[in-house]
Amino acid sequence: MFKLPDIPLSIFSKMSQLSAAHGAVNLSQGFPDFDVDSKLIDIIKETASKKVHQYCPMNGLPELLQETAKLIDNTYGRKLNHNKEILITAGATQGIFTSIQALIEPGDEVLILDPSYDCYCMPITLSQGIPVRIPLNKEFLPDWELIQKNTTNKTKLIITNNPHNPSGRSWTESDMLELSNLLNSWKHLYHLSDEVYEHITFENTHLSANLYPALHSKTIIVSSFGKTFHITGWKVGYVVAPEAIMNEIKKVHQYLVFTVNSISQHALAQYLKSQDVKKLGPFYQKKRDLFRSGLKESRFDLLPCEGTYFQLASFDKISALDDTSFCEDLVTKFKLAAIPVSVFSAHKEEKKVVRFCFAKEDETLINATKILCEI
Ligand code: PMP
Ligand code: GLN
């Protein structure tokens, strides 16, 4: 009778609710617990008293579109037509939903690389498309042989996420080359590149699809100001796509949201003028290192973390429980909330790995590591 009988409450909402109920340190849902830049707060105050309270143009405030184009040009050297190739969205989630609705027809297959972020499947199902979930390899990087095996003339889209949530891994040059070859080999195959953590990378520079002209004509890139400026609650992001694809995406956007809330667009346009996103990597790298060094004496084994604000850890030496039960124990008995990694995969093999979010005050991280060292 209803269209989506099997969609549960997201693991992020579930764990944050459990965390609040148990008064736990919340390292589950990914969001910063520290204050937003006071410069941005001042800009909002100043902006609120101006004439900024009516609809912006459908694709976004022109000034914000321009500033976004500048950010992309400064970061990757890619020059975009800000009126035709960029769309301001209500967060990356809406960008992803809207793009999938615009592209996917009944019976189209969409490749998703597991473990994968939780907002890809539902819009595919809603469009009567078929999510084809392919495991990443043991290193959480793409298994190109398996991807090629699963690509057919029914495959319309491949969704990638780099830097990767939940693993914190980032793609190599060779992965980008394999992806270009795949797109070249299949005329009707498109690419949705979820790059919300594009500015949060550590030792390696981020290999954005923006850097590869061979990808541009078939790639939709999605990003989020929520991650870049510590404002996840604002829900403002953007989509980059070639004009012909963007025109289709705009048809959905026009009737889904029409245009994103005006005050945040005005404030972000102003704020972007003075921001250096290159500082974000080193900022989070310090937090990553503080968290990792605090766990040195623990019984957790830390997996590599090259980007995002997530750290994976194996609890194999600690408990025989599955990861979901382990996280329930962690929050109820030890007052610390984390995310079980198996929920990000369709085929649940026993993996004793949990995800911690380190976008937190140093004090929160130190408290968390003390708790984790006692387990
Ligand atoms: N993609 C990934 C990989 C994410 O981790 C998130 C989490 N916020 C999103 C998309 C959604 O971003 P937004 O909050 O801007 O909708
Ligand atoms: N992206 C966030 C995470 O991975 C969650 C956002 C949400 O709750 N939808 O934790």
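Because only heavy atoms are used, hydrogens play no part in the values below, and waters and symmetry mates are left out as well, while side chains stay in. All ligand and atom numbering here is 1-based and tracks the order in the structure.
Ligand 1 has no atom lying under 4.0 Å from any heavy atom of Q94. Using a 4.0 angstrom heavy-atom cutoff, K227 counts as in contact with ligand 2. Remark: distances from the non-hydrogen atoms of F31 to ligand 2 are all 4.0 Å or more. Ligand 1 lies nowhere less than 4.0 angstrom from a heavy atom belonging to T232.
H230 and Y284 have their aromatic ring centers within a separation under 6.0 angstrom.
In the model, T160 has a side-chain atom that pairs as donor or acceptor with a side-chain atom of H191 under 3.5 Å. Side-chain atoms of T308 and N165 include no donor-acceptor pair closer than 3.5 Å. Counted by atom type alone, H82 and E67 present zero donor-acceptor pairs between their side chains at under 3.5 Å. Checking W144 against N181 by side-chain atom types alone, no donor-acceptor pair falls below 3.5 Å. Residues Q101 and S127 have side chains that bring a donor and an acceptor to within less than 3.5 angstrom of each other. Residues S325 and D322 have side chains that bring a donor and an acceptor to within less than 3.5 angstrom of each other.
Of the N or O atoms in F12, none lie within a sub-3.5 Å distance of an N or O in ligand 2. Residue D194 places at least one N or O, backbone or side chain, under 3.5 Å from an N or O of ligand 1. For ligand 2, the polar-atom distance check finds an N/O of Q29 within less than 3.5 Å of one of the ligand's N/O atoms. Geometrically, ligand 2 and S28 share no nitrogen or oxygen pair separated by less than 3.5 Å.
Counting heavy atoms under 4.0 Å from ligand 2, residue M15 does not touch it at all. Contacts of K14 with ligand 2, taken as heavy-atom pairs under 4.0 Å, are absent altogether. Of all the heavy atoms of D118, none lies under 4.0 Å from any atom of ligand 2, so neither backbone nor side chain is involved. Residue contacts with ligand 1 for F225 are absent, since no atom lies close enough (heavy atoms, distance under 4.0 Å). Heavy atoms of T93 found under 4.0 angstrom from ligand 1 belong to the backbone as well as the side chain.
Of all atoms in ligand 1, listed by their number and element, those nearer than 4.0 Å to a heavy atom of N161 are 3 (C). The V196 neighbourhood of ligand 1 comprises atoms 1 (N), 2 (C), 3 (C), 4 (C), 10 (C), with distances under 4.0 Å to a heavy atom of that residue. Counting atoms of ligand 1 from 1 in the listed order, those under 4.0 Å from a heavy atom of G91 are 15 (O), 16 (O). Close contacts between ligand 1 and S224 involve ligand atoms 13 (P), 15 (O) [criterion: under 4.0 Å to a heavy atom].
Among all protein heavy atoms, the one lying closest to atom 1 (N) of ligand 2 is Y117 OH, 3.3 Å. Of all protein heavy atoms, the one lying nearest to atom 7 (C) of ligand 1 is K227 NZ, 2.8 Å. Among protein heavy atoms, atom 9 (C) of ligand 1 sits closest to Y117 CE2, 3.4 Å. Remark: minimum distance from atom 14 (O) of ligand 1 to any protein heavy atom is reached at K235 NZ, 3.0 Å. Looking from atom 5 (O) of ligand 1 to the surrounding protein, the closest heavy atom is Y197 OH, 2.6 Å. Shortest contact from atom 12 (O) of ligand 1 to any protein heavy atom: A92 CB, 3.5 Å.
Classified by interplanar angle (parallel below 30°, tilted 30° to 60°, perpendicular above 60°), the ring pair F344/F12 is tilted. Taking the six-membered ring where the residue is Trp, Y120 and Y117 present perpendicular rings, their angle passing 60° and hence far from 30°.
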Item to complete: Verify ring pair (Phe, Tyr, Trp, His ring centres under 6.0 Å) between F315 and F326, making sure each step is shown before the conclusion.
Response: CA-CA 9 Å; F315 59 91; F326 182 75; 4.0 Å; yes
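Under a cutoff of 6.0 Å and an axis angle of 45°, R355 and F310 form a cation-pi pair. Under the 6.0 Å distance and 45° angle rule, K360 counts as a cation-pi partner of F31.
The side-chain hydrogen bond (donor to acceptor under 3.5 Å, both in side chains) with Q29 is formed by just one residue from the set S16, S10, S13; it is S16. Among the candidates F34, Y309, F202, the single residue satisfying the ring-ring contact (aromatic ring centres under 6.0 Å, His included) test with F283 is F34.
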